[in-house]
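Heads up, the thing below is written out as structure tokens.
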Protein chains: 2
Amino acid sequence: MEQNVPKSGSKSRATSYDVARLAGVSQSAVSRCFKPGSSVSKKMRNKVMEAAKQLKYQPNAIARSLISRRSNLVAVLVSARLNFYYPEVLFTLTDRFNEQNMRVLLFTVEQESDVDDVLDQIWQYAADGVISASHLSLAQHKLLEERHIPVIMFNRYFDEHASNSVWCDTRDGATILIDQLLMFGHKNIALLHGPEDGMVGRERMVITKEILKNRGIDPVVESRGDYTYESASKAVQEIIEKAPHTTAIIAANDMMAMGAIDELRNVMGRKVPGDMSVAGFDGLGAGRFSSYELTTVRQPIGRMSDAAVNMLLKRVEDSELSMEKRVLAGTFLQGTSTGPVNLS
Amino acid sequence: MEQNVPKSGSKSRATSYDVARLAGVSQSAVSRCFKPGSSVSKKMRNKVMEAAKQLKYQPNAIARSLISRRSNLVAVLVSARLNFYYPEVLFTLTDRFNEQNMRVLLFTVEQESDVDDVLDQIWQYAADGVISASHLSLAQHKLLEERHIPVIMFNRYFDEHASNSVWCDTRDGATILIDQLLMFGHKNIALLHGPEDGMVGRERMVITKEILKNRGIDPVVESRGDYTYESASKAVQEIIEKAPHTTAIIAANDMMAMGAIDELRNVMGRKVPGDMSVAGFDGLGAGRFSSYELTTVRQPIGRMSDAAVNMLLKRVEDSELSMEKRVLAGTFLQGTSTGPVNLS
DNA sequence: TTGAAAGCGCTAACAA
DNA sequence: TTGTTAGCGCTTTCAA
């Protein structure tokens with residue numbers, strides 16, 4: 001009865017059989033030695049590990065995945081346009097997953113239609129879970145549920161459907177931001193929206209308007225950009241044109257706030273915060289550059305990433321766990337891009 | 001002779017056997033239908049595809065990898081500290097690989113010691129190739145060679161050892177940059193180095209000094225940062241202190257150049273470019289913000305990524321291909337952070 | 001504690 | 001063109 005042992009001298013990688021033969025034990029014994037928590041005698045373990053080292057043996061994760069039905073692969077979906085300025089999220093997620101002995105399969109998604117292909121790939125590679133920091137339709141989410149692949153949505157959720165998500169609540173931060181603006185004497189406040197399909201920006205602006213309304217204030221004008229620095233120029237021009245007496249702009253994200261500041265200062269020749277106060281949302285690193293010192297509401301990116309990783313891992317271990325939405329509060333970050341209204 | 005066919009009604013994923021049974025064909029026929037370029041009759045293909053759709057069958061990439069010895073997985077190594085400002089590279093690489101039907105396994109590496117673990121993972125997951133945009137020692141590179149895993153180094157190479165690498169030659173760009181500085185009347189030029197272990201920054205500064213020397217100029221002072229925005233403050237202070245008559249600073253990267261500009265303008269109250277010209281290297285997006293308009297030498301990131309992907313793919317197909325170093329020229333990018341020397 | 005044997009889902013000879 | 005068969009390298013019962 002022949003074992004299927006590769007001939008020695010083969011240049012391909014060593015298998016557990018090679019190790020077993022060299023150590024004079026069975027192949028299954030080798031397998032056990034590489035599985036934490038299995039019962040192996042010290043003697044056996046030493047023999048096997050010695051042989052393994054000699055052959056530079058490392059278990060083949062692919063073969064393991066096939067039989068154990070656990071790939072230890074996590075798919076992370078990011079959209080370049082949205083996440084371009086948040087590499088921090090991606091890197092933090094990757095670090096945390098690696099610490100947990102999971103590998104990250106990275107997918108970039110530009111449009112919702114790209115997602116379908118990505119979902120197929122996720123299925124084919126038998127990923128244990130998904131973190132989505134990009135678009136994901138309800139139908140796509142349901143498809144993943146159907147396939148019993150846990151998903152954590154980062155910075156998005158569905159109104160009409162339970163899902164696992166990590167979300168930043170900016171209400172408190174925005175309240176402080178706005179109250180300070182009011183204390184500074186601002187009454188003519190303009191809003192710089194993000195793109196229509198941007199959930200995060202929409203929520204931020206909805207909350208901002210609510211808070212303003214509670215203080216008896218309506219925005220003098222509302223303009224729209226697409227989250228990019230460049231898009232702020234036109235939006236600011238529009239604001240100035242439609243409401244020349246605007247003294248403060250609240251932008252849906254930091255990038256547009258920075259674009260607005262630069263348009264005001266460097267193109268229109270106005271002082272910020274002297275002639276116009278500008279605030280944003282996010283807490284971007286670049287917002288701290290001394291050319292901006294942006295007043296903003298910061299997302300606790302690190303803690304949000306941790307939450308996402310932990311939630312996913314738990315659901316990989318126990319697929320019966322019910323959906324959960326974790327909401328972390330954003331915090332007000334004082335900058336010098338906002339200040340007292342100029343009465344001159 | 002029983003086939004190992006899962007009982008119908010099983011909730012786990014459909015296999016090629018399930019499809020075969022439903023279509024009334026053999027399992028290998030199903031396999032063929034999903035392999036591009038195999039000879040299958042139209043009738044067969046239709047039957048199989050119909051059954052596959054009905055069962056929502058997708059081939060299991062893990063099982064395929066095991067037998068075909070091709071995982072279609074590419075490991076991409078990035079270092080957060082270095083690549084934080086180059087998400088573009090990572091996203092471009094990922095897009096290109098996905099187009100080529102390869103998946104990206106993302107690894108973040110902070111120190112060279114992290115790399116060893118990552119290399120083990122790469123081996124375990126049988127990645128077809130590696131792109132390294134982070135540290136990779138010669139020994140580590142050799143280990144990959146030994147294991148016949150092709151590697152492409154991004155923005156680095158070994159002096160003493162052949163390797164596949166993609167590199168940006170900044171000499172032409174730097175020459176234009178420097179000649180323009182000289183034409184502007186600058187004679188007291190300071191250098192702002194990157195960290196000692198940063199190969200890219202070192203090369204840039206070596207070339208810069210060479211060009212200056214050819215023009216009969218020695219830097220008045222050389223300072224050092226760690227590539228970050230923040231590190232530029234101290235370095236600039238040092239420059240001003242040691243050589244108060246400095247009129248131009250060339251930084252090893254854009255981030256430090258931007259930090260230098262802000263330190264000069266916003267902390268020290270100097271005019272840029274009036275009192276001091278500042279130039280960098282990279283062509284960072286943020287360098288185009290109107291608060292900076294940085295004069296710089298831009299790396300052709302997109303083309304470099306394409307080159308890396310193509311080189312790797314070729315070597316996955318044909319492991320006998322010899323090493324290759326592809327050098328793309330950086331281009332001078334005119335900004336307003338440099339200008340005529342102030343004679344007042 | 002150890003070994004024998006089955007089989008994860010697929011591809012790839014080979015034969016028909 | 002199609003089906004049969006033998007594994008890929010591992011984990012996991014089940015006996016011993």
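- Within a heavy-atom distance below 4.0 Å of DNA chain D, the residues of residues 43-57 of chain B found are B:Met44.
- With hydrogens and angles left out, the side chain of A:Ser28 and the base of C:dA4 share a donor-acceptor pair within 3.5 Å.
- When heavy atoms are screened at a 4.0 angstrom cut-off, A:Val25 is found touching the sugar-phosphate backbone but no base atom.
- Put simply, CZ on A:Arg69 is 7 Å from P on C:dC8, counting in whole angstrom units.
- Overall, the helix from C:dT1-D:dA16 to C:dA16-D:dT1 carries an axis bend of 30° between its ends, with five pairs at each end and the value rounded to 10°.
- The separation between B:Gln124 atom CD and D:dC8 atom P is 20 Å, rounded to whole Å.
- Taking atom CG on A:Asp18 and atom P on D:dC8, their separation rounds to 11 Å, with Å as the unit.
- Distances from the side chain of A:Ala29 to the nucleotides C:dG3, D:dG3, C:dT11 place C:dG3 closest.
- Between the side chain of B:Arg32 and the base of D:dG3, at least one donor-acceptor pair of N or O atoms lies under 3.5 Å.
- When the C1' atom of C:dT11 is taken as reference, atom OH of B:Tyr17 falls 11 Å away, rounded to whole Å.
- With A:Trp167 as reference, A:Met199 is the one residue of A:Met199, A:Arg326, A:Met304 to meet the side-chain contact (heavy atoms from CB on, under 4.5 Å) rule.
- Across all strands, A:Ser41 comes closer than 4.0 Å only to sugar-phosphate atoms, never to a base (heavy-atom distances).
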